[in-house]
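Below is one structure, written out as structure tokens; comments come after it.
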Amino acid sequence: MDAHDLDHRARNLSGCIPPELVSRLLELGHTEVVELHAGRGEWFCALAWARLLGERDRQADASEVLAPYLATGWWTAVEAAAELLEAWGRAGEAIAITRARMEAGHPLALECHARLLARNGRAEEAFTLLRQHIGELSLAAALVNVAADAGRDEEAAALVSARTGHRCSDFPWCCRGLDRETALGLLARVRERQGRVDEAIALLRAGSTTSTNNAERLAALLARHGRLEELRETAATDDSVYAVQQLAGLLEERGDVEGAIAAYRQVGGAVAPDPHAAFELARLLARHGRGDEALDVMRVKASSRGGDDWILRTLSLLYLDQGRPGDGLAHLDALAVARGGEEEWDLYSIRLPLISARDGVDEAVAQARGHPEGTSSYAALPLAELLAGAGRTEEAVAVLFLHSPANSHDLAGYLMDLGRIDEAVALLHKDTPVQVW
């Protein structure tokens, strides 16, 4: 076991049991499998098993499970162990292991160590550690966060303010550190925390002309403080739709659903002009029992952007929710004709749940297999989902097995559901072939 191998497998979710399938094993009652592989270099099993032991008041055993991973110096294991130790009331040990990695020069350890100190009554110490790193982006944000607990908001504000005069000369920035726009955002956070909301708004307005992040922070701040009219003004010139979302959310929260709808539609129009605004509007309408209106919104948007698969998926799900699969298929057919009649698999597969709801799973599978790409490895997954959703998990396994090791995580999950645990694990490790019974 070494840090490089652990990191590679965890990042790529390859050659290991991924976290969602570790959870599946536990849900199915196979704790002994998780325990076994926790001792065999399976990080996600080790972490889940350690958490479970901790919940059972077996913290010493949990620490033993993580010890070999910690011994590699792998940062992910260090961070996770520190989190567990802190949750168990052993913050001193958590601080010790993060300090060791910090002193060894790990680039992520200082921020984690400082935040840990601040959460456990040592904010002054954390602030002192971070203040010399004010020019580093993530550490400056950490400093602003711990400053409140340390009672040093004004000092943090002064440190951050010194960076607001810097303007990067090259795109996206020349310093790769704490740029002016981010500094303005951090300073605004301090001022809001101090109750100086008008100053925070002014700072974010100064930075929002060049920073999307600050524009979003401004909208969120206005919404948090109920500054409705200012939020309306901001939303009127918002290209990202974020301010519109904040405005609509605030109005909906206050019970003004019609106002929220109007915020998305803007200028009295029938349909939100931006596709993302249209999506949010449709969700809003559906939440309030106005499914037909939600369909109208997405139908119009699908007609103008009929090749955007996410829009068509949203539309088809709305048809399903409204119990109108036939109407959904008719609309998708009309859009396909308008595009010339040919549909690649990504677009064609959107209709499969609708076919299944109207005509049954077998018909959906048959039509899918008639598509030129219907026997490909990427087509196998939606077919397996249809079959498994109908309680035909063995058939789902058979479909996926034809393309193994493609879709191996999904295949392993279905094998686990069937109780074929050894085969599922072997497939994930790519040790032995999976047999279909």
Side-chain angles (χ1 to χ4, degrees), residues 239-241 244 261 264-267 269-286 290-390 392 395-396 398-400 402-404 406-407 410:
D239 293 331
S240 71
V241 191
V244 175
I261 291 169
Y264 281 122
R265 285 183 166 149
Q266 296 180 354
V267 226
V271 179
D274 182 276
H276 298 286
F279 172 74
E280 294 297 338
L281 172 58
R283 291 178 62 193
L284 171 64
L285 290 164
R290 296 163 67 168
D292 288 341
E293 291 176 72
L295 276 171
D296 289 340
V297 168
M298 293 311 297
R299 270 198 297 259
V300 172
K301 197 53 59 181
S303 295
S304 63
R305 301 172 65 101
D308 288 2
D309 59 349
W310 71 273
I311 290 176
L312 296 182
R313 288 185 193 282
T314 302
L315 179 62
S316 68
L317 287 173
L318 282 170
Y319 273 115
L320 279 175
D321 290 342
Q322 295 301 307
R324 297 168 56 185
D327 291 340
L329 286 168
H331 196 84
L332 292 179
D333 287 341
L335 291 173
V337 170
R339 289 193 303 269
E342 294 292 330
E343 282 190 315
E344 295 182 356
W345 178 257
D346 282 348
L347 289 179
Y348 182 83
S349 63
I350 293 170
R351 69 184 60 236
L352 297 182
L354 294 168
I355 297 172
S356 179
R358 187 186 68 178
D359 304 320
V361 172
D362 289 330
E363 180 62 23
V365 170
Q367 289 197 31
R369 286 177 170 158
H371 188 275
E373 299 170 76
T375 57
S376 63
S377 61
Y378 48 84
L381 182 56
L383 296 186
E385 288 174 349
L386 286 175
L387 290 163
R392 295 158 61 175
E395 293 175 69
V399 167
L400 291 175
L402 292 173
H403 302 282
S404 180
N407 302 317
D410 298 280

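This structure is a prediction, so every number in the text was calculated from the model and none was measured.
- Take His403 and apply the ring pair (Phe, Tyr, Trp, His ring centres under 6.0 Å) test, not counting sequence neighbours, and it matches no residue.
- Pairing each heavy atom of Ala396 with each of Ala384, the nearest pair is CB-O, 3.5 Å.
- We find the OG-CG distance between Ser349 and Leu386 to be 10.0 Å, quoted to the nearest 0.5 Å.
- No donor-acceptor pair under 3.5 Å is formed between the side chain of Asn407 and the backbone N or O of Asp410.
- Each salt bridge (charged side-chain N to carboxylate O under 4.0 Å, His left out) pair with one or both residues in residues 346-356, not counting sequence neighbours, appears once here: Asp333-Arg351, Glu343-Arg351.
- Separation of atoms CG (Leu320) and CD (Gln322) is listed at 10.0 Å; rounding is to 0.5 Å.
- The two residues Pro325 and Leu354 make their nearest non-hydrogen contact at CB-O, 3.5 Å.
- Atoms CG and OH, on Leu284 and Tyr264 in that order, are 6.5 Å from each other to the nearest 0.5 Å.
- A donor-acceptor pair under 3.5 Å is formed between the side chain of Thr314 and the backbone N or O of Trp310.
- Heavy atoms only, all atoms of each residue included: Ala379 and Gly374 are closest at CB-O, 3.7 Å.
- The CG atom of Leu400 lies 6.5 Å from the CG atom of Leu381; values are rounded to the nearest 0.5 Å.
- Rounding to the nearest 0.5 angstrom, the gap separating the CG atom in Leu383 from the CD atom in Glu385 is 9.0 Å.
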- Let me see the working for Leu347 and Arg339 under side-chain contact (heavy atoms from CB on, under 4.5 Å), right down to the final yes or no. CA-CA 11 Å; Leu347 289 179; Arg339 289 193 303 269; 3.9 Å; yes
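- When the shell of 6.0 Å around CZ of Arg290 is examined, it contains more than 12 heavy atoms from other residues, nucleotides or ligands.
- Within the 4.5 Å cutoff, the side chain of Gln367 has heavy atoms near those of the Tyr348 side chain.
- Ring-plane geometry between Trp345 and His371 is classed as perpendicular, the angle between the planes exceeding 60 degrees on a 0 to 90 degree scale with a lower cut at 30.
- For the residue pair Ala302 and Leu315, the shortest heavy atom distance occurs at CB-CD2, 3.9 Å.
- The shortest heavy-atom contact between Leu318 and Ala282 is CD1-CB, 4.2 Å.
- His331 has its side chain within reach of Ser303: a pair of non-hydrogen atoms, C-beta onward, lies under 4.5 Å apart.
- Interatomic distance, CD1 of Ile261 versus CD of Glu293, reported as 6.0 Å (0.5 Å rounding).
- The salt bridge (charged side-chain N to carboxylate O under 4.0 Å, His left out) pairs that include a residue from residues 354-382 are Asp362-Arg392, where partners are two or more places apart or lie in different chains.
- With salt bridges taken as basic N to acidic carboxylate O contacts below 4.0 Å, none links Asp327 and Arg299.
- Smallest separation of non-hydrogen atoms from Val297 and Ala278: CG1-O, 3.6 Å.
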